[in-house]
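The chains referred to below are lettered A, B, ... by the order of the sequence lines, with proteins before strands, and numbering in each begins at 1.
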Amino acid sequence: MAESGNSYQKIYEIVKQIPKGCVASYGQVAALAGNPRWARVVGYALHVNPDPAHIPCYRVVNREGRLSDAFAFGGVNEQKLLLEAEGVEVTDGYVDMELYQWKKFRI
DNA sequence: GTTGTGACACATT
DNA sequence: AAATGTGCCACAA
């Protein structure tokens with residue numbers, strides 16, 4: 001009943017809970033939001049990004065641990081600097097998921 | 001109301 | 001091994 005507008009709100013909540021120095025995949029965020037199939041919707045949700053100040057989209061990467069070329073809000077280079085500033089090592093736009101993927105999904 | 005697209009993920013070829 | 005196709009959900013035209 002009328003739970004249609006919750007979609008993005010939930011996703012934003014998850015992304016905002018990502019601890020500093022960690023990254024999460026779209027599927028990860030979607031799963032934490034309660035919908036493992038919303039990976040695409042997560043991308044769209046961040047695309048509309050109503051509050052980039054509290055939604056660190058640069059901490060969200062795809063399954064490969066790579067940033068989306070379409071994302072490039074200011075250039076992949078900017079993205080890389082932001083993640084490195086958080087303590088995440090970035091190589092050619094790739095991040096080491098095994099070390100930096102947000103696994104402590106414990107809000 | 002239907003069709004097409006999209007900042008993904010997974011399966012199959 | 002890589003590349004392609006399909007599935008998922010929501011939004012725009």
Side-chain angles (χ1 to χ4, degrees):
Chain A
M1 310 227 320
E3 252 77 86
S4 325
N6 291 18
S7 324
Y8 297 16
Q9 186 61 46
K10 198 63 163 285
I11 294 167
Y12 299 138
E13 287 295 296
I14 303 300
V15 177
K16 289 196 284 189
Q17 300 314 308
I18 299 177
K20 191 165 134 199
C22 291
V23 297
S25 64
Y26 293 94
Q28 181 87 48
V29 175
L32 292 172
N35 306 287
R37 277 90 188 182
W38 280 18
R40 273 178 126 149
V41 183
V42 171
Y44 208 93
L46 294 175
H47 177 67
V48 294
N49 212 338
D51 192 352
H54 291 117
I55 303 174
C57 358
Y58 58 88
R59 280 188 193 149
V60 185
V61 297
N62 64 13
R63 197 63 176 116
E64 293 183 296
R66 189 185 184 210
L67 281 305
S68 301
D69 298 341
F71 164 24
F73 62 99
V76 187
N77 194 337
E78 187 67 28
Q79 219 291 332
K80 181 165 148 189
L81 293 178
L82 284 164
L83 284 174
E84 289 188 325
E86 301 286 301
V88 179
E89 183 181 8
V90 182
T91 304
D92 189 42
Y94 284 87
V95 189
D96 192 329
M97 303 300 285
E98 293 300 298
L99 297 176
Y100 300 111
Q101 186 173 55
W102 182 36
K103 322 170 185 174
K104 299 151 181 274
F105 36 88
R106 203 74 69 77
I107 332 207

- Step-by-step side chain to side chain contact (heavy atoms under 4.5 Å, CB included) determination, A:L83 to A:Y58: CA-CA 7 Å; A:L83 284 174; A:Y58 58 88; 4.0 Å; yes
- Item | Listed partners of A:R63 passing salt bridge (charged side-chain N to carboxylate O under 4.0 Å, His left out), at least two apart | none
- Message: Show me the pairs that pass salt bridge (Lys or Arg N to Asp or Glu O under 4.0 Å) and involve residues 16-44 of chain A, at least two apart or across chains.
- Response: A:E13-A:K16
- Interatomic distance, A:I55 atom CD1 to A:I18 atom CD1 [nearest 0.5 angstrom]: 10.5 Å
- Applying side chain to side chain contact (heavy atoms under 4.5 Å, CB included) to A:A45 and not counting sequence neighbours gives A:Y8, A:I11, A:Y12
- Item | Any residue meeting side chain to side chain donor-acceptor pair (under 3.5 Å) with A:Q79, in chain and number order, not counting sequence neighbours | none
- Using the test side chain to side chain donor-acceptor pair (under 3.5 Å), find all partners of A:D51 that sit at least two apart in sequence or belong to another chain. A:H54
Contact list (N/O, under 3.5 angstrom) for nucleotides 1-5 of chain C vs protein:
none

- Would you list the pairs meeting ring pair (Phe, Tyr, Trp, His ring centres under 6.0 Å) in which at least one residue belongs to residues 24-44 of chain A, sequence neighbours left out? A:Y44-A:H47
- Is there a residue in residues 87-100 of chain A whose heavy atoms reach under 4.0 Å of DNA chain B, and which residues are they? none
- Task: Tell me whether A:L99 is reachable from A:L67 by hopping between hydrophobic residues (I, L, V, M, F, W, Y) whose side-chain heavy atoms are closer than 4.5 Å.
- Result: yes
- Item | Base-contact (B) and sugar-phosphate-only (S) positions in nucleotides 6-13 of chain B, heavy-atom cut-off under 4.0 Å, - elsewhere | BBBSS---
- Task: If a pair satisfies side chain to side chain donor-acceptor pair (under 3.5 Å) and one of its residues is in residues 80-99 of chain A, list it, with sequence neighbours excluded.
- Result: A:R59-A:E86
